[in-house]
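Being a predicted model, the structure only gives us computed values, none of them experimental.
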Amino acid sequence: MLEFQNTSIYRQEKRILDDFSLRVPDGAIMGLLGSDNRAKSMILAAASGSQAPDYGRILLDDVPVYQNRNNSYLNFGYMPKEYGFYDLLRVDEYFDLFLSLYRVNGRYRQKRMEEVAELFGLRQYMSSFIMELPQDVLPFLCLAKTVLHDPKWLLLDEPFAGLNASGRNAMVKTLLILQESGKSMIVNTQLFVETRDFFTHVAMIEEGKMVAEGLTEEIFENALKSSPVRMCVLAGMEQALGVLKENALVDRVTVDEKDVIFRFNGGEREEAELLADLVAAGSLIQNYMRDRIDIEEIFRR
């Protein structure tokens, strides 16, 4: 379990994290969502041991991360937004450098480099200079460097940035393999179609504070209830509006010619019952659908 307890961090007299608390269970893939990218990046940097909080604590398995800073970094693999490659090194030299920094035994280094190269599809590039690599390979190279020392936790700052849909799919598949091998993850990202079902948990961060967090399925279910319903009423508009007015789960009703837009705060069963009531009242409904609004926009309201 990785836990932030009432964590606040200031930089240049500005509060980046504001009394921030979060618990991430082992095995989770926690997605950090929201527009406050500075705060989300700070969460990852602070967990990695490189940005000590001004107030509050960060715990890994109930042990403060900053209690024994000489060893805490071994538990984490931190992938920053800016890759910071050494362009004049070959890929194998780059890997060897970081394995030495992590004090990985020399006899094990070659085996570990081969394992990681195989997992990330980098075997063909091991003798290439980093400056010669295709751009779409660089995120995978940075992630490969991040897992070289076999950390328990991965802290990933926008790992999908710069990747097209195919690249994002490949990244998701690789990260799921890492999760199956026992890794836990916190990922700062925006939502893509390819990543919608990737996260086990999500947390919404705005202005350095937690807005909402929990299991992805539950968060999206609640968000769906907040997205408006739009239906086209071909006949019986007066009856339809009467049914909506009487339903305690309906609010914010507006009419746009034949379309009726409203907020419905019930679940699937209640929605089916509402439709049955509308038909029973004599309304002729052509379309009934939820407007798909970005989940991040919903929680900013």
* Measure the shortest side-chain to side-chain distance between Val233 and Leu241 over non-hydrogen atoms and say whether it is less than 4.5 angstrom. => no
* **Test item: Ser50 side-chain N/O and Ala45 main-chain N/O as donor-acceptor pair under 3.5 Å** => yes
* Listed once per pair and sorted, the salt bridge (Lys or Arg N to Asp or Glu O under 4.0 Å) pairs that draw on residues 166-190, sequence neighbours left out -> Asp150-Lys183, Arg168-Glu194
* Short question: side chain of Tyr94, backbone of Asp87 - any donor-acceptor pair under 3.5 Å? -> no
* Work out which heavy atom in Lys14 is nearest to a heavy atom in Arg38; give both atom names and the distance. => CD-NH1, 4.2 Å
* For the residue pair Val253 and Val260, establish whether any side-chain heavy-atom pair is separated by less than 4.5 Å. => yes
* To do: Give me the ring orientation class for His149 and Tyr102: parallel if the planes are under 30° apart, tilted from 30 to 60°, perpendicular past 60°.
  => parallel
* To do: Please report the closest heavy-atom contact between Ser41 and Tyr78, naming both atoms and the distance.
  => O-OH, 4.5 Å
* Student check: side-chain heavy atoms of Arg123 and Glu118 closer than 4.5 Å -> yes
* Taking all non-hydrogen atoms of both residues into account, name the closest pair between Leu17 and Ala39 and its distance. => CD2-O, 3.7 Å
* Asked: Counting distance only, does the side-chain N/O of Ser283 pair as donor-acceptor with the main-chain N or O of Gly236 below 3.5 Å?
  -> yes
* Asked: Is there side-chain contact between Met30 and Leu22, with at least one heavy-atom pair below 4.5 Å?
  -> yes
* Using a 4.5 Å cut-off on heavy atoms from C-beta on, say whether the side chain of Met231 contacts that of Leu244. => yes
* Let me know which of Ile29, Leu175, Thr189 forms a side-chain contact (heavy atoms from CB on, under 4.5 Å) with Leu156. => Leu175
* More than 12 foreign heavy atoms under 6.0 Å from CD of Glu238: is that the case here? -> no
* To do: For Asp157 and Met79, indicate whether the former's side chain and the latter's backbone hold a donor-acceptor pair under 3.5 Å.
  => no
* Mark yes or no for whether Thr216, through its side chain, and Phe199, through its backbone, hold a donor-acceptor pair below 3.5 Å. => yes
* Salt bridge present between Lys111 and Glu114 (N-O < 4.0 angstrom) -> no
* Hey, is Asp18 close enough to Lys209 for a salt bridge, meaning N to O under 4.0 Å? -> yes
* Reported OG1-to-CD1 distance for the pair Thr254 and Ile261, which is rounded to 0.5 angstrom -> 4.0 Å
* Asked: Taking it one step at a time, do Phe160 and Val172 satisfy side-chain contact (heavy atoms from CB on, under 4.5 Å)?
  -> CA-CA 9 Å; Phe160 304 105; Val172 165; 3.7 Å; yes
* What pair of heavy atoms forms the shortest contact from Phe140 to Ala170, and how long is it? -> CZ-CB, 3.9 Å
* If you round to the nearest 0.5 Å, how far is CE of Met204 from CD of Glu206? -> 5.5 Å
* To do: For Tyr86, look at atom OH and say whether over 12 heavy atoms of other residues, nucleotides or ligands are found less than 6.0 Å away.
  => no
* Report the relative orientation of the aromatic rings in Phe76 and Trp153; use parallel for angles under 30°, tilted for 30 to 60°, perpendicular for over 60°. => tilted
* Pair Glu271-Tyr288, side-chain donor/acceptor within less than 3.5 Å -> yes
* Asked: Around atom CD of Glu217, are there more than 12 heavy atoms of other residues, nucleotides or ligands at under 6.0 Å?
  -> no
* Asked: Would the Phe4 and Phe20 ring centres measure less than 6.0 Å apart?
  -> yes
* **Residues, nucleotides or ligands: over 12 heavy atoms within 6.0 Å of Arg11 CZ** => yes
* **N/O donor-acceptor pair under 3.5 Å between Gln179 side chain and Gly27 backbone** => yes
* Asked: Does one hydrophobic cluster hold both Leu274 and Leu249, with members joined at side-chain heavy-atom distances below 4.5 Å?
  -> yes
* To do: Going by the side-chain contact (heavy atoms from CB on, under 4.5 Å) test, name the single residue among Leu154, Val24, Leu155 that passes it with Met185.
  => Leu154
* Does Tyr108 share a hydrophobic cluster with Phe95, counting links as ILVMFWY side-chain heavy atoms below 4.5 Å and allowing steps through other members? -> yes
* Between Ser21 and Met210, what is the shortest heavy-atom contact and its length? -> O-CE, 3.5 Å
* Do the side chain of Arg112 and the main chain of Leu148 share a donor and acceptor less than 3.5 angstrom apart? -> yes
* To do: Could you give me the CA-CA distance, side-chain angles and deciding distance for Met237 and Val255, then say whether side-chain contact (heavy atoms from CB on, under 4.5 Å) is met?
  => CA-CA 10 Å; Met237 177 65 78; Val255 178; 4.2 Å; yes
* Asked: Would Val65 end up clustered with Leu59 when hydrophobic side chains under 4.5 Å apart are linked, directly or stepwise?
  -> no
* Any sub-3.5 Å donor-acceptor pair from Asp54's side-chain atoms to Tyr10's backbone N or O? -> yes
* Asked: Are Ile58 and Met1 connected, step by step, through hydrophobic side chains (Ile, Leu, Val, Met, Phe, Trp, Tyr) whose heavy atoms are closer than 4.5 Å?
  -> no
* Between Asn188 and Leu44, which heavy-atom pair has the shortest distance, and what is it? -> CB-CD1, 3.9 Å
* **Cluster link Val250 to Val279, ILVMFWY, side chain under 4.5 Å** => no
* Asked: Should the ring pair Phe264 and Phe262 be called parallel, tilted or perpendicular, given that the plane angle runs from 0 to 90° and is split at 30 and 60?
  -> perpendicular
* To do: Output, in order, the C-alpha distance, side-chain angles, deciding distance and verdict of side-chain contact (heavy atoms from CB on, under 4.5 Å) for Met113 and Met126.
  => CA-CA 9 Å; Met113 288 165 59; Met126 292 299 283; 4.1 Å; yes
* Asked: Taking the side chain as C-beta and beyond, is there a heavy-atom pair between Asp61 and Asn75 under 4.5 Å?
  -> no
* Asked: Is it true that a side-chain atom of Asn6 and a backbone atom of Asp19 form a donor plus acceptor pair closer than 3.5 Å?
  -> no
* Asked: Just by modelled atom types, is the Glu158 backbone N or O under 3.5 Å from a matching donor or acceptor in the Lys81 side chain?
  -> no
* Would Leu176 and Phe198 satisfy side-chain contact (heavy atoms from CB on, under 4.5 Å), going step by step from the backbone distance to the final call? -> CA-CA 8 Å; Leu176 287 174; Phe198 167 61; 3.9 Å; yes
